Amino acid sequence: VGLLITGCQKNSSSGTKNQDKITVVQNATVDSLDPILAYQNTSSTVVANTAEGLYTIDAHDKPQLALASKVETSNHGLTKTFTIRENAKWSNGDPVTANDFVFAWRRLSDPKIASAFNFQPGAAGIKNANDIVAGKKPVKSLGVKATGPKTLVVQLDHVVPYMNKLLAFSDFAPVNQKYFEKAGKKFAQDSSHLIYSGPYQIKDWKLGDNTIQLVKNPKYWDAKNVKIKNVKLDIITDPEKAAIAFENGSADYVHLSGQLVSKYRKDKNFVNDVGNFTQYIMFNLKKPGLDNADLRKAISCSINRKEITTHILKDGSIPSHSMVMKDLVKNPTTGKDFADESTTNLYEYSPAQAKKYWNKAKKATNLRSFTLLYDDSDPSYANVAAYIKAQVEKHLPGMKVTLQQVAKKTRTDKMSKATYDATLTRWGPDYADPTAILSMYQSKNDSNYGRWANSEFDKLMAQSDQTTDQAKRYKLLLKANNILIDSASCPPLYQIGAPVLERSNIKDLPMHIAGVPFFFKYASIK
Amino acid sequence: MTNIENNDFEFAHKSETVDHYSGKSYSYGQLVWHRFLRNKGAVISAVVLIIIALIAILAPYLSQYSPTTPYPNQSNLAPGVNGHWFGTDNLGRDIFVRVAAGTSVSLRVALVAMAIDLVIGTSYGLISGYFGGKIDLFMQRITEILSTIPMIIIVTLLVLVMKPGLVSIITAMMIVGWINMSRIVRAQVLELKTSEYVLSAKTMGESDIKIIFSQILPNTLGQIITTFMLSIPNAIFLEAFLAFIGLGVPAPLASLGTMINDGYTQAIVYPYMVIFPVLFLALIMLSFNIIADGLRDAIEGS
Amino acid sequence: MKKYVLKRILIAVITLFLITLILFIMEKAMPGSPFNDEKMSHAQIAALYHKYGLDGPVPLQFLNYLKNMLSGDFGVSYTVQVNTPVTTMILQHFTISLQIGLQATVLGSVLGFLMGILAAIKKGTIWDNLMTGISVLGISLPNFVVALIVSIIFSYKLMVFPGTYQPTQPFVSSILPTIALSTFTMASIERYVRNDMIDIMNSDYYRLADSKGIKKFQLIGHHVIRNTLISVITVLAPLMIDLIAGSMVIEKAFAIPGLGTLYISAIQANDYNVVLGITFFYAVLFIGIMLIVDILYGLIDPRIRLDEGK
Amino acid sequence: MTKNILEVHHLKQYFPVANKKIVKAVDDVSFNITNGETFGLVGESGSGKTTIGRSIIRLYWPTAGEVIFEGEQIAGQLSKKQTAKLRKDMQMIFQDPMSSLNPRKKVGDIVKLGLDIHYPKLTKDEKLQKVIEMLKIVGLDSSFVNRYPQELSGGQRQRVGIARVVIMHPRLIIADEAISALDVSVQAQVVNLLQRIQRESGSAMLFIAHDLAMVKHISSHIGVIHLGHIVEIGPTEAIFDDPVHPYTKSLLTAIPTTNPIAEQNKKLSNYHAFRQQYENKEMADLGNGHYAIDDGSWTK
Amino acid sequence: MTETVLEIKNLQVAYHTDHGQVQAVRGISYQVKKGETVALVGESGCGKSASVKPIMGEKEANQIIKSGEINFTYQTENGPQTVNLLKISPKIMQNRIKGKEIAMVFQDPMTSLDPTMKINKQIAEAVKASHPEMNKDQINERVLNLIETVGIQNMKVVQNQYPHQLSGGMRQRIVIAIALAGNPSLLICDEPTTGLDVTIQAKILNLIKDIQKSRKLSVIFITHNLGVVANIATYVNVMYAGKIVETGTSQDIFFEPRHPYTWGLLESVPDINEKVDELPTIAGTIPDLTQPIVGDAFAPRNKYALNIDFKKQPPMFKINDHHYAATWLLDKRAPKVPIPAVLQKRILKMKGAS
Ligand SMILES: Nc1ncnc2c1ncn2[C@@H]1O[C@H](COP(=O)(O)OP(=O)(O)OP(=O)(O)O)[C@@H](O)[C@H]1O
Ligand SMILES: Nc1ncnc2c1ncn2[C@@H]1O[C@H](COP(=O)(O)OP(=O)(O)OP(=O)(O)O)[C@@H](O)[C@H]1O
Ligand SMILES: [Mg+2]
Ligand SMILES: [Mg+2]
């Protein structure tokens with residue numbers, strides 16, 4: 001034990017030795033490589049890089065046409081006609097056809113398959129998608145058609161401004177119907193039952209392995225622009241092990257934990273990004289006492305978010321004042337960040353405010369204790385929960401907080417059954433639009449676990465759906481956001497940090513905040 | 001022949017009809033105690049254990065810090081800084097006080113679980129072994145089935161179904177922990193019940209209950225104590241193991257296991273977060289093991 | 001003997017049935033469903049329940065499960081490795097656990113055996129104290145602590161072995177886990193062998209064999225070690241099961257995608273079929289090895305063999 | 001004729017063992033013990049001597065046959081009263097002085113046990129008084145009350161074993177190889193003690209041994225048992241002076257004597273028998289209560 | 001005069017225990033000549049085993065050999081050679097002496113055979129150790145030969161059995177066969193019949209006697225039963241509390257015993273030919289050997305103890321060339337004590353009978 005010597009200040013070697021190979025460490029296992037079932041972000045990364053769709057996202061977070069060579073819009077933007085590239089081929093030599101998309105998207109919408117992402121065609125505005133998912137219309141009625149082998153016509157219910165970005169997500173990837181049917185149950189279970197339309201293909205892999213090797217797909221239409229020949233994804237859940245792998249030179253890109261940040265802050269390979277999740281407390285408004293807004297506000301004001309991020313987490317996370325996270329959406333007219341425009345003083349640390357609200361709440365309710373639920377999927381939650389407990393008990397004299405740690409599935413179960421008081425939870429957007437977060441607070445939404453209901457909020461959300469004017473829509477959503485945060489029904493705490501070690505000579509491999517985290521096609525080594 | 005006396009060659013006539021016992025007599029307990037005291041390793045371990053227990057009990061009074069209240073701006077201080085002997089953790093809590101509190105949680109878990117095991121295991125083994133026949137057959141089938149289920153299955157599932165916490169950890173240990181004890185006791189009883197002194201008590205008309213408690217039990221005590229002592233480190237380990245796979249006592253409570261688990265992923269950055277709980281855990285385990293060994297040697301007699 | 005084996009198998013079958021039943025019920029009682037997720041709607045979950053046949057009455061589900069089980073079909077994974085047959089998954093992950101477990105068993109038992117022999121032969125000397133010291137330490141240090149120590153030394157400081165399991169170099173990357181996993185076995189075997197050997201060396205038959213004037217190594221080899229080996233099997237078997245079944249702790253510490261890791265993630269994900277399948281597999285493994293050991297024991301030890309065979 | 005304190009008629013004791021087999025440890029054994037006399041039972045190891053003793057005292061449930069103790073049948077189901085009487089009036093001294101005393105109990109408590117069970121009305125002091133008296137009778141002084149059995153020599157332990165039994169004034173003592181494990185020099189001490197106690201208390205004794213010389217000294221009647229059957233039974237003189245059965249003869253010649261000349265010229269008999277040879281055979285009456293099994297291995 | 005095979009000089013053995021040092025053997029000396037049987041008799045715990053263990057080089061961890069010599073003479077290519085067994089290297093002991101020159105038969109036949117090894121293998125091991133030149137067939141033949149020698153008829157069956165399948169008597173025969181495998185010149189039998197019943201005891205004694213005669217073996221025979229000694233011994237050493245108290249030929253000891261302890265031992269063997277009311281006994285128990293012994297260790301139990309017995313250790317008084325006894329009763333100043341009457345009568349009867 002005496003050999004554990006701290007403060008070993010060796011700087012990790014700066015660049016990869018190898019010019020065309022990188023190893024990226026991921027912390028989630030691969031659950032499936034079937035595009036519509038791939039749920040964990042490692043899975044969607046692999047799918048997106050091997051089964052390219054109509055779009056990809058470039059290094060500057062901009063959607064770029066991928067398998068589609070061009071797109072024409074008509075009918076007030078409600079019909080989009082995509083032309084599939086002539087040279088788009090599957091790795092088995094089959095041409096990629098429009099039908100591959102129709103087939104794939106119908107599977108995605110099929111309520112029987114119940115893909116976790118089956119809300120996405122609806123979110124993209126594709127015609128009838130929501131009704132199909134709800135079982136009201138047959139799958140065939142989905143607004144996609146192949147009018148020729150290379151012509152894909154998509155019909156929309158309404159225009160969705162961020163549709164291109166959405167279509168870059170892995171679940172919209174094409175599926176070769178013939179191959180799929182031949183592979184049967186084995187489809188995507190291992191690398192010999194997969195074919196690829198994207199820049200990479202998978203070498204010697206089966207579901208359950210904790211390493212995936214991607215090698216350049218020679219049949220890829222844009223193969224000449226793919227610079228890195230090999231990408232290895234290693235799954236290591238322990239960030240310290242990952243850091244050691246980085247130091248050993250066996251990894252080139254690893255995620256760090258807050259504790260490791262203090263060790264690597266000065267390292268030239270260190271990159272401190274923010275992540276795409278907002279961490280917040282969700283109150284169960286069905287619980288007597290917790291429906292009292294003053295109580296919730298008192299709790300919110302007693303928490304010093306800055307202290308959490310700088311002293312406890314230390315991972316570059318930032319205090320959060322908005323449900324919509326930073327860097328996700330910009331004001332279409334001013335270019336200001338949505339998160340900065342949503343302001344309220346409820347989330348500033350203020351013992352005085354807290355006391356004021358608490359005194360008010362004490363008169364209205366006799367709730368003097370509640371349980372704070374959190375799960376064990378990240379070690380930091382326990383620390384944050386312990387901190388909240390201490391703060392609340394300090395500033396709200398007479399209030400007692402009980403901590404309860406459960407498995408994540410148990411927490412979500414309690415949330416969906418509303419058998420909890422308050423829970424520490426987080427939400428990440430599936431696409432870069434405020435609705436990706438706000439829509440779940442609509443009173444009818446299944447994911448509205450706090451059971452918060454506000455008719456004005458609902459109305460604003462419905463309006464925004466129908467609005468094609470981006471500026472106007474932005475305003476509606478901002479207003480809805482403010483209603484939500486002023487209610488303190490789900491006080492945000494912080495937006496998580498995403499500190500990483502990345503070899504300094506790797507270029508153009510940003511981590512995208514929403515959707516698929518990595519597109520390796522654009523990356524290169526200098 | 002220096003000092004021959006006159007009567008030397010006369011008969012001494014020291015006829016004794018009754019045997020007389022001279023020499024000091026030790027009770028069995030004293031004998032074991034003496035033998036134990038001669039085992040240096042075991043005595044040192046016992047002292048270490050007592051010191052650790054004292055630390056666990058007294059630390060809250062010795063230190064001005066609380067094991068649970070976070071002081072985020074004091075987080076991750078190195079040992080010695082600001083009077084934190086073992087440093088502070090990610091929430092700025094004093095590690096020394098936390099280790100002490102964790103030790104007491106670990107020890108309590110182990111002791112409670114083992115005490116219950118002791119009661120269940122011993123009585124199960126006694127009954128099964130002494131009455132034999134169909135009762136034994138039936139009871140043995142139960143243990144046989146229970147013991148074919150890997151322990152880890154029972155423990156993990158139980159802790160998952162119930163909510164993680166002291167109660168469920170202890171229950172889980174109870175369900176599986178007693179089997180070993182019952183086996184050992186049963187084997188002993190089977191051996192002892194055919195021993196001549198038990199048969200003799202039977203032929204004198206002693207009741208079964210009395211035979212079990214006054215003839216058999218005292219003779220199995222040595223084995224029981226040894227097994228008990230050896231199961232304590234097992235229980236501590238089990239608790240630490242549960243903590244390690246994320247099923248430990250819930251925060252802000254900390255056991256040594258949960259502390260090690262927390263510190264584990266920071267070992268290269270803040271090694272002291274894991275060194276101290278590991279040190280305490282290892283010392284406790286080591287001490288119990290050595291004491292158990294010493295006790296066994298003392299009981300079996302060398 | 002045949003009857004005895006049959007009886008044991010019958011008990012095993014009953015045990016397996018009970019385990020399956022109890023587990024089935026427990027899983028239904030567990031909070032949460034496999035498909036629980038913040039983003040899943042009720043309709044989606046219901047559809048998935050229907051798709052996987054989880055929406056019927058529990059007794060019927062159980063019967064179905066049993067029926068499929070008898071034909072070797074343990075269902076598919078719901079979330080961990082979506083739609084992979086459980087048998088495939090177990091085989092795949094067990095192979096890794098088995099490799100490391102066997103390595104650890106061999107390393108631990110061979111080392112423990114040698115150390116035990118050394119300690120017993122040199123009883124009372126510094127060697128004995130050294131070996132005993134190592135073994136007490138080995139028994140007292142939880143394997144995750146050993147894992148921590150070896151990975152810091154060999155992976156972080158010296159950088160000689162990778163700290164995580166790499167399927168591309170399955171042997172080199174399994175060295176550290178093997179060491180961490182084998183310490184307890186080594187320590188227990190050492191103790192056991194030492195004590196057993198000392199007992200044997202105090203036995204009358206050892207005295208007689210010694211009085212024959214045969215060479216010391218022959219004496220130790222033929223009479224002491226042989227007899228020790230016989231009884232070591234009984235301690236080694238349960239240890240070995242622990243090792244090859246996939247130590248969750250070591251697998252977690254070294255990021256090994258073994259059966260233990262799979263088991264934990266399946267439990268945490270409520271992946272019923274996987275949990276049931278692995279549990280069943282564990283139980284079969286455990287019961288099977290114990291049965292084999294009993295039979296082996298009978299085959300090796302003539303006292304048991306002949307009494308049964310009469 | 002004096003009354004029989006114990007009558008054993010056609011006692012059988014079988015034990016089931018593995019694979020549905022049975023061991024016929026005792027097969028069709030009959031003998032009587034009259035009040036106050038000592039009946040010796042001799043035979044080689046494994047011949048069933050212990051089993052007979054244990055069946056009589058009901059440590060086993062006899063397979064068949066009658067055991068009549070002071071006029072009462074005690075082979076079958078026993079009433080509470082019968083059990084109490086049996087447990088008080090019939091006592092057993094065990095073979096192994098090492099294992100017949102509970103190592104965790106003091107000598108005083110061991111001897112006192114019978115009083116605790118059967119005389120609950122006695123006060124503590126009265127019991128202690130009786131214990132000390134009893135110890136004196138077996139030649140141990142009161143300093144032994146607080147000793148543990150491990151601290152005693154074999155002979156002393158066996159005397160404690162006797163004291164424990166005799167303190168209850170049993171009517172019948174079963175001494176199962178009570179001296180076999182002792183040194184020759186100590187055997188005599190114990191035999192003398194047993195005889196003295198018997199003289200004083202008038203209790204009868206079933207004396208089990210494999211050494212004919214001691215048996216001769218202590219018993220008035222002897223039964224020779226072989227392979228679960230009594231092969232010859234009769235008054236001691238008859239057995240020693242006119243043995244008829246070859247097995248008895250072989251036992252007699254095997255007794256070691258302290259005569260080097262005779263010993264060195266001793267001829268051993270080569271008797272060998274099978275279990276079947278004794279099965280379902282009548283006992284031939286040789287007069288004077290002397291019987292031998294009529295198995296054809298000898299002629300009248 | 002026949003040659004001396006073994007000569008023990010002033011051997012003192014102690015054991016270190018919790019309660020102090022047990023003075024198990026307090027200085028004994030005797031000789032064993034070729035073809036003779038020397039018996040060691042005495043009560044349990046008087047040091048019989050402790051005195052022969054050093055001959056076989058058996059060293060318990062707590063054993064202390066305080067003094068003495070054990071001179072063993074054996075034949076080599078270069079003629080007879082005498083070594084002090086306490087001084088030679090363990091290697092020579094193992095390779096040259098054990099099993100080849102000196103063999104041993106232990107007390108408990110039930111536990112002295114390896115339970116997991118077939119009989120023929122256990123004997124073959126001993127054969128191989130002493131005859132490394134033999135090939136497999138020769139060894140086999142010799143094993144069968146040995147089994148036959150110890151009086152087992154169905155040797156073909158027995159050789160393939162395991163120890164637990166044999167009766168106690170059979171096992172003891174196998175142990176003897178093993179002892180004979182190396183053609184030793186000295187055989188040590190430590191209570192080889194104590195665990196057996198009388199009939200089997202008699203047979204084993206006969207067997208040992210036969211073998212001893214036919215092979216001109218020297219034998220050290222340990223027992224606490226004088227009856228057994230009468231059967232087998234040429235010379236008898238009576239031991240008490242770690243010392244030899246009387247030594248002499250068989251005739252000396254049985255017909256002219258001089259030590260009260262020997263009298264006691266002889267008396268306590270019941271005689272089936274006479275009727276006594278009470279058996280003669282030796283009262284009391286042997287002394288605690290951890291305590292220092294002043295005077296004659298036997299004095300407290302001795303009916304005829306003199307005052308000097310409690311003060312001074314008696315020397316060995318010579319009775320004749322081969323008969324000595326350590327009792328003050330033989331001192332010329334001591335009162336004359338005759339052999340106890342009962343014993344005297346018995347001796348006379350025996351003498352007359354033979
Ligand atoms: N409980 C039992 N179960 C099975 N067999 C038994 C049992 N008790 C005794 N036997 C068998 O019965 C036979 C007679 O045994 P018993 O103990 O009565 O002999 P013994 O004459 O007392 O012998 P020893 O002199 O060795 O004490 C033996 O073959 C023994 O193996
Ligand atoms: N290894 C030992 N450690 C301690 N004391 C011992 C040891 N071996 C023998 N003794 C003691 O030495 C004394 C002599 O023992 P020894 O075995 O020589 O007696 P013995 O004459 O052979 O008796 P027995 O007839 O019982 O075999 C006894 O008091 C015994 O307790
Ligand atoms: Mg018996
Ligand atoms: Mg001895």
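Just so we're clear, the structure is a prediction, and the values are computed from it rather than from any experiment. Chain naming here is simple, since letters A, B, ... match the order of the sequence lines and numbering starts at 1 in each.
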Please test C/Asn202 against E/Glu60 for side-chain hydrogen bond (donor to acceptor under 3.5 Å, both in side chains), starting from the C-alpha separation and ending with a verdict. CA-CA 9 Å; C/Asn202 283 327; E/Glu60 282 121 323; over 6 Å; no
Ignoring hydrogens and geometry beyond distance, is a side-chain donor-acceptor pair present between C/Arg207 and E/Ser112 at under 3.5 Å? no
E/Met56 versus chain C, the contacting section by heavy-atom distance below 4.5 Å: side chain
Without swapping roles, check the side chain of E/Glu125 against the backbone of C/Ala209 for a donor-acceptor pair under 3.5 Å. no
What distance do C/Asp210 atom CG and E/Gln94 atom CD have between them, rounded to the nearest 0.5 Å? 5.0 Å
Whether over 12 other heavy atoms sit under 6.0 Å from E/Lys216 NZ: no
Let me know if E/Glu101 has heavy atoms under 4.5 Å from chain C in its side chain, its backbone, both or neither. neither
Counting N and O atoms only, with roles assigned by atom type, does the side chain of C/Lys212 sit under 3.5 Å from a partner on the main chain of E/Ala181, one being a donor and the other an acceptor? no
Give me the atom names and distance for the closest heavy-atom approach of E/Lys100 to C/Gly213. NZ-O, 2.8 Å
Does the side chain of E/Gln107 come under 3.5 Å of the side chain of C/Asp204 through a donor N or O and an acceptor N or O? no
Tell me, yes or no, whether the heavy-atom count around E/Gln138 atom CD, taken from other residues, nucleotides or ligands under 6.0 Å, exceeds 12. yes
Below 4.5 Å from any heavy atom of chain C, which atoms of E/Ile178 appear? Answer side chain, backbone, both or neither. side chain
Among C/His222, C/Lys215, C/Gln218, which has the most heavy-atom pairs under 4.5 Å with chain E? C/His222
What is the distance from atom OH of C/Tyr205 to atom CG of E/Asp108, rounded to the nearest 0.5 Å? 13.5 Å
I would like to know whether C/Leu208 and E/Phe106 meet side-chain contact (heavy atoms from CB on, under 4.5 Å); could you show each step before the answer? CA-CA 7 Å; C/Leu208 178 73; E/Phe106 294 94; 3.7 Å; yes
Quick one: what part of C/Ser211 sits under 4.5 Å from any heavy atom of chain E, side chain, backbone, both or neither? both
